[in-house]
Amino acid sequence: MARRSKIDALPPALKAKLERLLADRAHGGYEALAAWLRDQGYEISKSSLHRYDQRVQAVMLRIKASAEAARVIAQASPDEADEHSAAVLRMVQSALFDALSRVTEAAEEADPAEQVKVLSQAARAIAEASRASIGQKKWADEVRAKIDEVERVARNAGKTLDAETLKTIREGLYGG
């Protein structure tokens with residue numbers, strides 16, 4: 001198992017301030033930040049700061065790309081039943097399962113107390129994803145039931161679902 005970064009071991013408030021300073025300095029100025037950390041009582045090299053910052057930037061780029069992809073998908077394909085969320089939840093659940101498998105495999109070398117802590121965090125994340133999945137499925141079922149009811153009423157009245165009827169359905173489902 002890889003050694004834990006000194007930056008990851010910083011107190012949360014100090015780590016948050018370091019991350020703000022990295023962003024404020026356009027992800028540079030590592031020598032000055034190393035000196036600042038030394039003044040705070042922590043000896044962290046500029047190389048370690050650079051490696052950490054590279055990881056942070058990579059995560060930020062992935063988040064930005066995911067958000068942009070989600071925006072484009074939502075614009076290109078409206079999703080009344082929230083099927084996009086269902087797909088995202090399935091991806092998250094799959095990633096959590098993969099991570100849990102890797103943690104379990106690596107656990108042989110880990111401290112038992114640390115193992116329990118990591119597994120507990122993974123279980124909590126999986127439970128939250130499962131609750132979100134259940135909520136999404138309930139919402140999708142409610143939307144389908146409402147649309148089915150509108151179609152049934154229209155069919156019984158001898159009507160078809162034209163553009164005006166679909167507008168009425170959307171207003172009924174979303175309030176406008």
Side-chain angles (χ1 to χ4, degrees), residues 1-79 82-140 174-175:
M1 186 179 266
R3 206 171 45 137
R4 188 172 178 206
S5 164
K6 288 181 181 180
I7 295 171
D8 289 332
L10 289 173
L14 185 61
K15 186 176 174 186
K17 179 152 182 151
L18 172 64
E19 289 170 350
R20 278 192 306 277
L21 289 171
L22 281 166
D24 291 346
R25 296 170 186 222
H27 302 281
Y30 302 122
E31 288 181 23
L33 287 171
W36 174 75
L37 284 167
R38 235 182 335 277
D39 293 343
Q40 306 297 314
Y42 297 92
E43 189 65 40
I44 298 176
S45 70
K46 64 181 182 177
S47 298
S48 291
L49 287 167
H50 176 71
R51 282 189 301 273
Y52 177 77
D53 191 34
Q54 293 299 308
R55 284 191 346 235
V56 169
Q57 287 184 60
V59 169
M60 289 170 46
L61 284 173
R62 284 194 303 272
I63 291 169
K64 185 176 179 182
S66 294
E68 180 62 19
R71 186 187 63 74
V72 169
I73 289 169
Q75 285 178 341
S77 169
D79 185 20
D82 203 21
E83 296 297 330
H84 295 141
S85 292
V88 169
L89 284 169
R90 283 191 296 273
M91 289 172 56
V92 168
Q93 287 170 327
S94 177
L96 284 170
F97 179 78
D98 290 343
L100 184 59
S101 296
R102 286 192 303 275
V103 165
T104 303
E105 290 170 5
E108 297 167 3
E109 302 169 16
D111 172 42
E114 186 64 26
Q115 253 183 304
V116 169
K117 181 179 173 185
V118 169
L119 290 174
S120 172
Q121 290 170 341
R124 191 173 308 118
I126 290 167
E128 288 174 11
S130 295
R131 276 193 299 278
S133 178
I134 290 166
Q136 185 281 327
K137 287 174 184 166
K138 181 179 175 186
W139 166 249
Y174 306 114

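Just so you know, these numbers come straight off a predicted model, no measurement behind them.
When the salt bridge (Lys or Arg N to Asp or Glu O under 4.0 Å) test is applied to Asp8, the partners found at least two apart in sequence or on another chain are Lys15, Arg55. Remark: Gln54 engages no residue in a side-chain hydrogen bond (donor to acceptor under 3.5 Å, both in side chains) (not counting sequence neighbours). Take Ser48 and apply the side-chain hydrogen bond (donor to acceptor under 3.5 Å, both in side chains) test, not counting sequence neighbours, and it matches Ser45, Arg51. Legend: residues meeting side chain to side chain contact (heavy atoms under 4.5 Å, CB included) with Pro11, ordered by chain and number and at least two apart, are Leu14, Tyr42. By the salt bridge (Lys or Arg N to Asp or Glu O under 4.0 Å) test, Arg38 pairs with Glu43, sequence neighbours left out. For Lys17, there are no salt bridge (Lys or Arg N to Asp or Glu O under 4.0 Å) partners two or more places apart in sequence or in a different chain. Applying the salt bridge (Lys or Arg N to Asp or Glu O under 4.0 Å) test to Glu19 and every residue at least two apart in sequence or in another chain returns nothing. Listed by chain and number, the residues in a ring-ring contact (aromatic ring centres under 6.0 Å, His included) with Tyr52 amount to none (sequence neighbours excluded). In this structure, Gln40 has no side-chain hydrogen bond (donor to acceptor under 3.5 Å, both in side chains) partners at least two apart in sequence or on a different chain.
In this structure, the side chains of Leu33 and Leu21 come closer than 4.5 Å at one or more pairs of heavy atoms. Here the side chains of Leu49 and Leu18 are in contact, with some heavy-atom distance below 4.5 Å.
Considering CD1 of Ile44 and CH2 of Trp36, their distance stands at 9.5 Å, rounded to 0.5 Å. Put simply, CD on Gln57 and NE2 on His50 are 8.5 Å apart, with the number rounded to the nearest 0.5 Å.
Screening residues 22-35 for salt bridge (Lys or Arg N to Asp or Glu O under 4.0 Å) gives Glu31-Lys46 as the qualifying pairs, with residues at least two apart or on separate chains.
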